Every structure is written in structure tokens, then in C-alpha cells.
Amino acid sequence: MTVVGSPALNIAIFSGFVLVTLAVVLRVGRTNRSSSTADYFAAGRAFSGAENGTAIAGDYLSAASFLGIAGAIAVHGYDGFLYSIGFLVAWLVALLLVAELLRNTGRFTMGDVLAFRMRRRPVRAAAATSTLVVSFFYLLAQMAGAGGLVALLLGVTGKAHQALVIAVVGILMIVYVLVGGMKGTTYVQIIKAVLLLLGAAVMAMWVLGEVGLNLSTLLGNAVERSTHGEAILAPGLQYTNKVDLISLGLALVLGTAGLPHILMRFYTVPSGQEARRSVVWSIWLIGVFYLITLVLGYGAAWLVGPDVITSPNTPGGTNSAAPLLAYALGGPLLLGLISAVAFATILAVVAGLTITASASFAHDLWANVIKKGRADTRQEVKVARLTAVVVGLVAIGGGILANGQNVAFLVALAFAVAASANLPTLLYSLYWRRFNTIGALFSIYGGLAICLVLIVFSPAVSGGPKPMLTGVDFHWFPLENPGLVSIPASFLLGIIGTFAGGREDDDEHRQAEMEVRALTGLGAER
Amino acid sequence: MASRPSRSGGLVERIVSNATLNERPAPTYEDVQRSAAFTDLKRRLRRFVFPMSAGFLLWYLAYVVLASYAPGFMATRVAGSHITVGLLLGLGQFVTTFVITQIYVRYAERTLDPRARDIRRHVEKARR
């Protein structure tokens, strides 16, 4: 096992990041009123569109986007790029159809929007269930990925030591969320997004400088160095199942606007217009970032080489492409900076997921389903904090157990569940007058169940080329990603449930109030 | 309204109770929903976002289908360089995303925001 760079330097830079963000979190944490749910869950709704847009980029650009996509491009070429396109185009769904109306009609969670004109307790329970499932899979993928990163960046190779580092990451994240609430989490995400964008931009300019700013020369050099030759310039190296690629594409493009930790960020701004501005900022930042990863990926193919990246002597596999490129360009110092940024990425994303899961549990399940809306806000915040600790501990445990597993499908699963259970329900409740409680329950639970069943019996779990369980084969569903079946099925179930459910009392009045408030911002929570 | 205090506490609740105190008939949400100004706003919003969403989703799906079923076409070189048709189409997705974003922002700021603001002010004034 080779260790590149200096683990001590990497740790020092990372500790610097932790100290700075911790200081920021402690500072803003003091401004949170302990009885205010709006402070704890929505940062007092005081962030501007630009700030929130940057935080969204920080929340969205997970280690999978940065290390995963750059690595996939370096090794498989074009197919890695396909991923990033789905991740970006997906934001148009959020911009055009979801962000503003969601901000105008809810307070903290997706459950708020659904509960607006439907029977509150069942739809809140359903919304909380899918929120917790999506957050759990997403969280697990981030934490399990941390183990591989640790191996690569700190030279920690023993499983026990990796477990220790995963635990430290988890505990740090719990502290951020407990002390800083949504405000602290947001600042961590903003700082991380700025560092990530700057670091990646410096590397990309460096690579482009080496080839005289000529993209064609860069591609030519990558082709020459790659074992696959010209095949890296076109699709087909990584995804061999054509239908599976379309299924994945669908899940990616429709999943983003249903991710609960993204939806929750829209409540941290004062108005629908600011929510729109947030999305515009995040589209530009995320788009530019993915263009940068294209350069980094082909740059790593050229300057590091896919054979070195995938060599069994290189810890971290394809994830190591970006860090190795940093080392090739700027030596141990740049590697240390990029490694610290990669760690920061995990920390910021995990904190965002934790606060979302705990808000959904405390606000939707505890305050509105169990306490039937009669809980006081001080208790609600207390329950949320307690949930954050539990979620953090579960994430640490899961991350340690899943360390080293093939976790890529967990992220794809999170997107597929978000696209199947959440998006149809949200769109119907915002745009379809007749949509009702039964329709919502059908589309959430139906989409969720179909998604989970298809995943369990997919080649990603057993019988595929890189299955989670080896030695057994019980798959009968041919696709790794269930999106192509589960997303249309959920849209259909929403329609069937709505017609089966019939009209509800007070329907017209509630629908009128929701629509007027959604479109005009009248009476929106401030 | 009274059955759902937790959600609409604050502004709307206040508006309604003030309106009741002054014994002036305030427009209900149904009234607003039926008003010409609101149906106009709703039509303008939907006429923009629905076709635009259908458009970018079709363009994205066309791209994904091409990538899966026509890798040969995607591998075609452009003008003797190493840049391929697939790369240009992929970058095209970035360009359309940025362009649609800016077109929507312009449309929302010029067409939707002023109309929404007028309705909001009108209702708030009538209920005060």
C-alpha cells in the first residue's frame, strides 16, 4: 500500500478547517433562541439567496460528486461526465416547478407542504418515513465513503483505525448540528463550497495551463495515456446495460428536487423570490463545478493514468484520481489542501442530512403526529436535538459496518426513492387541484415500496458484476437502478389513489388557500 | 381557519381577525382564486413552466438515449480535433440549463413578481 504526500500535513490542514468552522458554529450557535423552531430548523429564515445558493452547492456537491465523478472520468472517460449532466439538469425541476411554491407554503419540511390541504397526520407520517429512508441511505453512503477516503488521505489502513476516524467525523458532525442548528450547518456548507470551488478551479486552471488552454490537446493527451484509448471520448465504457443507463438518468434528473435535505434549505431564506435566487446561484456554482471536474478527470487520466488510479496498490480506487492529480500538480501541499476539502465535504453533507432527518422526525412525526400539534416549540427543538444525536450514532454505526462496501448504489437508491416517493407527491399537491390524502399516501408509500423491493432483487445487491452480497444470487429485476419502473409507477399510483379516495371535507377552501399562497407569497412564514 | 391555527398563525390570522373586527368583508382565498388577476397570474406561470419543463426533460432524455444507443455517433470527431459530438452535446446540456435559468429569472422578475405583488398588496390592504 503506497501512501502519497504527507498524512501529517493532511491532518494539520484538516484540523485547521475543523477549528475555523467550529469557531464559526460556536459563534452563530449563541444567536439561536432555544425555544425557536424557526431558528433551529430554518436559521431564522435570514440567509440571502446568494448565501443559501452557495450552501446548497456545499450540500449537494458530496464526495461522490467531487472524487467520484472526477475518478469516473479519469478511468471510464465520457461515462463519468454523463452522471454530472443528470445532476445539473435536475436543478431546472427545482427551479421551475418546486422551490418558490414550496417556500411559500411550508415552514420546515416537505411534510408541511403535503399537510397543507390533506389530512395532516397520515401524510406527515408518510412524508417523514420517506424523508428518513432517503436521508439514511444518503448518510450511509457518505459515512461508508469516509472509510476509503481515510485510507487514501491519512494513510490509515487498518479497519479499526478507519472505524475510529469514521466515529470522529460523526461526532464532529453531531456537535456542529447540536451547537449551530441550521445556521451553523449553513455556514459550514458555505465555507466548504467556497474552498471546494477554489481548490478545484486552481487545479483545473493548472491542468489547462499545461496544455495551453486547449481542451482538444488535453483530450488527446488523455487518450494517449489511457489503456482504453479513444474509447474514453465517447459513452459506453462504464455503463454496458443501455436500459439501465436510461433508468439511472431518469432517477438523477427527477431525484434532486425530491431530496429532503435540499428541500429544507429553501426554508432558510425570507421569501419565494429569495428561494428562486438560491437555486439560480446553485445552478451556476454546480454547473461550473461539473465543468471543472471534466477537466480534472481527463487531467488525471493524462497526468496520473488510469492504470495507476485503479492499481491495487493505490488506496481508494477511482476516488483517488483527484487527490493524485493534486499531488502530481502541486506536491504534498496541494494534496493536503484537496484532502482537507474532501473531508470537509463529507462533514458538511452529513451535517445537512442529520439536521434534515432530525427536523422531519421532530416536526412531522413527534410534534404533529404523536403530539397532534400540541407540543410547544421548546420541546420540539429538544426532541430534534436528541434525534440528531441518535441519527449521528446510527450513521457512525452504519458507516463502520458498510466501510469498504460497494456504496455507489446507495446514492443512486437515495435519488431513486426521492424521485419515486417524493417528487410525484410534491408536484401533484402543488399543481393538481383534485389530488388528495389517499393519492398522496399511494404515491409516497407505493413509490417507496416499489423502489426498495426492486433494489433488493436487483443485480446491485446480488448476482451482478459488483454485488453487495457475494455468493448468493436472488435477483430477478434486470436493472441496477429502479427509476424507470418506480417513478412512472408512483405517478400512476398518485392518480389511482386520488380517484379511489374521493372528495374530502373542506377540500375547495384548503386548495384555494394553498394555491393563492403558493403563487403570491401571501401569508408566507417569515 | 379556526380549525388550523398552527399553520396559518401570524399574518393571515391577524388579517382575518382585524377584518372581522372592522366588520368589513375581506376577500376569502376562494375570492382571490377566482379573481381575474389571479387566474391571469396562474395562467402566465403555467404557460411558461410546463412547456419549458417538458422541453428540457425531452432534450435531456434524447441525450441519454443517444448516449446509450448511439455511442458510435457520439464518438464522431469534430473538425479534426479530439472533441467529439458526444462532448459537444453534453456541453450543450450545460448551456441550455444556464440559458433556461436566466430566461426564467427574467420572465419571473418582469411578468410574475409584479403581478403576485399586486395581488398580495390588494388583499392585505382590503383585509387591514
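Note that these values count all heavy atoms, side chains included, but never hydrogens, waters or copies made by symmetry. All values reported here derive from a predicted model rather than from experimental measurement. Note on naming: letters A, B, ... go to the chains in the order of the sequence lines (proteins, then strands), and numbering restarts at 1 for each one.
Contacts between residues 101-109 of chain B and chain A, defined by a heavy-atom separation under 4.5 Å, are made by B/Thr101, B/Gln102, B/Tyr104, B/Val105, B/Ala108, B/Glu109.
Between B/Ile100 and the choices A/Val89, A/Leu92, A/Ile283, the side-chain contact (heavy atoms from CB on, under 4.5 Å) rule is met once, by A/Leu92.
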Handout entry: Worked check of side chain to side chain contact (heavy atoms under 4.5 Å, CB included) between B/Leu57 and A/Leu254
Key = CA-CA 9 Å; B/Leu57 282 174; A/Leu254 297 177; 4.3 Å; yes
Practice task
Would you sort out whether A/Leu522 and B/Val32 count as a side chain to side chain contact (heavy atoms under 4.5 Å, CB included), showing the intermediate values?
Solution key: CA-CA 11 Å; A/Leu522 192 67; B/Val32 180; 5.5 Å; no
Practice task
Determine, stepwise, if the pair A/Phe81 / B/Leu91 fulfils side chain to side chain contact (heavy atoms under 4.5 Å, CB included).
Solution key: CA-CA 10 Å; A/Phe81 184 47; B/Leu91 293 174; 4.0 Å; yes
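For A/Trp281, the CH2 atom sits in a loose shell: 12 or fewer heavy atoms of surrounding residues, nucleotides or ligands are nearer than 6.0 Å. Under a cut-off of 6.0 angstrom, the local environment of CZ in B/Arg117 is crowded, with over 12 non-hydrogen atoms contributed by other residues, nucleotides or ligands. Heavy-atom neighbours of A/His228 NE2 from other residues, nucleotides or ligands within 6.0 Å: above the threshold of 12.
Residues passing the salt bridge (Lys or Arg N to Asp or Glu O under 4.0 Å) test with B/Arg77, sequence neighbours excluded: A/Glu230.
Rounding to the nearest 0.5 angstrom, the gap separating the CG atom in A/Leu88 from the OH atom in B/Tyr60 is 10.0 Å. Atom OG1 of B/Thr97 is separated from atom CH2 of A/Trp284 by 10.0 Å, given to the nearest 0.5 angstrom. Atoms CD and CD, on B/Gln33 and A/Glu508 in that order, are 8.0 Å from each other to the nearest 0.5 Å. For the atom pair CD1 (A/Ile246) and CG (B/Leu61), the distance works out to 8.0 Å, reported to the nearest 0.5 Å. Atom CG in A/Leu519 sits 13.0 Å away from atom CZ in B/Arg44 (nearest 0.5 Å). Put simply, CG on B/Leu112 and CZ on A/Arg276 are 7.0 Å apart, with the number rounded to the nearest 0.5 Å.
Using a 4.5 Å cut-off between heavy atoms, A/Glu515 touches chain B through backbone and side chain atoms alike. Proximity to chain B (any heavy atom under 4.5 Å) is shown, for A/Gln511, by both the backbone and the side chain. For A/Leu233, the parts sitting under 4.5 Å from any heavy atom of chain B are the backbone and the side chain alike. Only the side chain of B/Leu45 comes within less than 4.5 Å of a heavy atom of chain A; its backbone N, CA, C and O stay farther away. Interface residue A/Val243: backbone and side-chain heavy atoms are both found under 4.5 Å from chain B. At a 4.5 Å heavy-atom cutoff, the contact between B/Ile119 and chain A is made by side-chain atoms alone. Contact of B/Ser53 with chain A is made through backbone and side chain together, with heavy-atom distances under 4.5 Å.
Ring geometry, B/Tyr63 versus A/Tyr78: the interplanar angle falls from 30° to 60°, so the pair is classed tilted.
For the set B/Ser81, B/Gly90, B/Ala75, B/Pro71, the count of heavy-atom pairs under 4.5 angstrom toward chain A peaks at B/Gly90. The residue among A/Val280, A/Val516, A/Leu219, A/Leu215 with the most heavy atom pairs within less than 4.5 Å of chain B is A/Val516. Heavy-atom pairs under 4.5 Å with chain A were tallied for B/Met74, B/Arg34, B/Arg46, B/Gln93; the largest tally goes to B/Arg46. Per-residue counts of heavy-atom pairs under 4.5 Å with chain B were compared for A/Ser216, A/Gly287, A/Gly249, A/Ala234; the largest is that of A/Ser216. Heavy-atom pairs under 4.5 Å with chain A were tallied for B/Gly86, B/Ala70, B/Ser68; the largest tally goes to B/Ser68. In terms of heavy-atom pairs under 4.5 angstrom with chain B, the leader among A/Leu291, A/Leu218, A/Leu248, A/Val93 is A/Leu291.
At least one side-chain heavy atom of A/Leu97 sits under 4.5 Å from a side-chain heavy atom of B/Phe50.
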